[in-house]
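Presented below is the structure to which this report refers.
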Amino acid sequence: MEFDTFREMIEKSDSIVFFGGAGISTESGIPDFRTNGGIYNQKNTYSYPPEVMLSHSFFIEHTKEFFKFYKDKMIYKDAKPNAAHIALAELERRGKLKAVITQNIDGLHQAAGSKNVIELHGSVHRNNCMNCNESYDLDYVLNSPEIVPQCRKCNGIVKPCVVLYEEPLDTDSINRAVDFIESADMLIVGGTSLVVYPAAGLIQYYRGDRLVLINKSETPYDGKADLIIRDSIGKALSRVI
Ligand code: ZN
C-alpha cells in the first residue's frame with residue numbers, strides 16, 4: 001500500500017532530492033556509526049573511543065594511530081553499491097532526481113552511476129597533501145609503505161578529505177544542499193535517524209508536500225512526513241523504481 005503511494009509520488013515529481021545517511025551503506029556491508037553493531041558499539045581494540053580517534057586534534061597529535069584506525073575501520077574498499085544506490089542512479093538518469101545529498105564517505109553513489117552527489121562529510125576517495133595540496137586516490141593512501149601516507153612530491157602528510165570531529169563542514173556543499181532541497185518537489189530521506197547535525201537542520205528547508213522517510217526506526221521528523229516506510233532502503237527504492 002505505502003509502496004503504491006510512494007510510486008505515485010515519484011511519478012508526479014520531476015525534481016526529486018534524496019538525502020541519505022549511514023543506513024544506505026549498511027546494506028553494502030559498511031557498518032553504521034551509531035546503531036547496534038555499529039563502530040561505536042563494537043568491542044574497541046584501540047586505546048581511545050572512535051569519536052576521539054576521528055577528531056582533528058587526534059589526527060594532529062597522533063597521526064600514526066589515526067591512520068591505523070582509519071584504514072582498519074573506515075575503509076571498505078570491496079563494498080559494492082546496493083539496490084538503493086542503483087535505483088537512485090536510475091532515477092537520475094530518467095531526469096527525475098536532481099541530487100543525492102549524503103553523509104556517507106564511501107563513494108558508493110558514484111560507483112552506482114550517480115553524477116550529482118553532494119558529500120557533506122567528504123570522501124575517502126579524495127586525499128590531499130597538507131603541504132602542497134597535491135591530490136591522491138584511495139589506493140595511494142592504502143598502498144603507502146608507511147602507515148602515514150606521504151606526498152611523493154614534498155613528503156607532506158596526505159590527509160583524507162573526510163570531515164573529522166571538530167572540523168567544520170564545507171560551506172559550499174551545505175549551500176548547494178540547501179538550494180536543492182528548497183527547490184525540490186519531492187524529498188526522500190533514507191537511512192538516517194535525523195538527530196545528528198546537519199541532517200536535522202537541512203530537512204527544514206524542504207517546502208513541498210512529498211516528504212518521504214525511509215528508516216527502520218522512528219525519527220524526530222516522522223510527524224512531518226507525508227509518507228513513512230519502515231523498511232530497508234534498498235528494498236523500498238528498488239520496488240518502486
Ligand atoms: Zn605535497
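Atoms within a ligand are numbered from 1 in the order they appear, just like the ligands themselves.
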- Message: Checking E167 against H56 for the side-chain hydrogen bond (donor to acceptor under 3.5 Å, both in side chains) test, could you report, in this order, the C-alpha distance in whole Å, the side-chain angles of both residues, the deciding distance, and whether it holds?
- Response: CA-CA 6 Å; E167 290 179 347; H56 182 81; 2.7 Å; yes

- Task: Could you give me the CA-CA distance, side-chain angles and deciding distance for Y46 and F69, then say whether ring pair (Phe, Tyr, Trp, His ring centres under 6.0 Å) is met?
- Result: CA-CA 8 Å; Y46 292 86; F69 181 79; 5.1 Å; yes

- Task: Please assess D106 against K77 for the test salt bridge (charged side-chain N to carboxylate O under 4.0 Å, His left out), listing each intermediate value before the final yes or no.
- Result: CA-CA 8 Å; D106 48 48; K77 206 174 169 288; over 6 Å; no

- Side chains of L211 and V189 in contact at under 4.5 Å (non-hydrogen atoms): yes

- Query: With a cut-off of 2.8 Å, which protein N/O/S atoms are close to the Zn ion (ligand 1), if we only count those under it?
  - Reply: C129 SG, C132 SG, C151 SG, C154 SG

- Message: If you compare all heavy atoms of K96 against all heavy atoms of E11, which two are closest, and at what distance to 0.1 Å?
- Response: NZ-O, 3.1 Å

- Query: Side chains of S57 and E166: is there a donor and an acceptor less than 3.5 Å apart?
  - Reply: yes

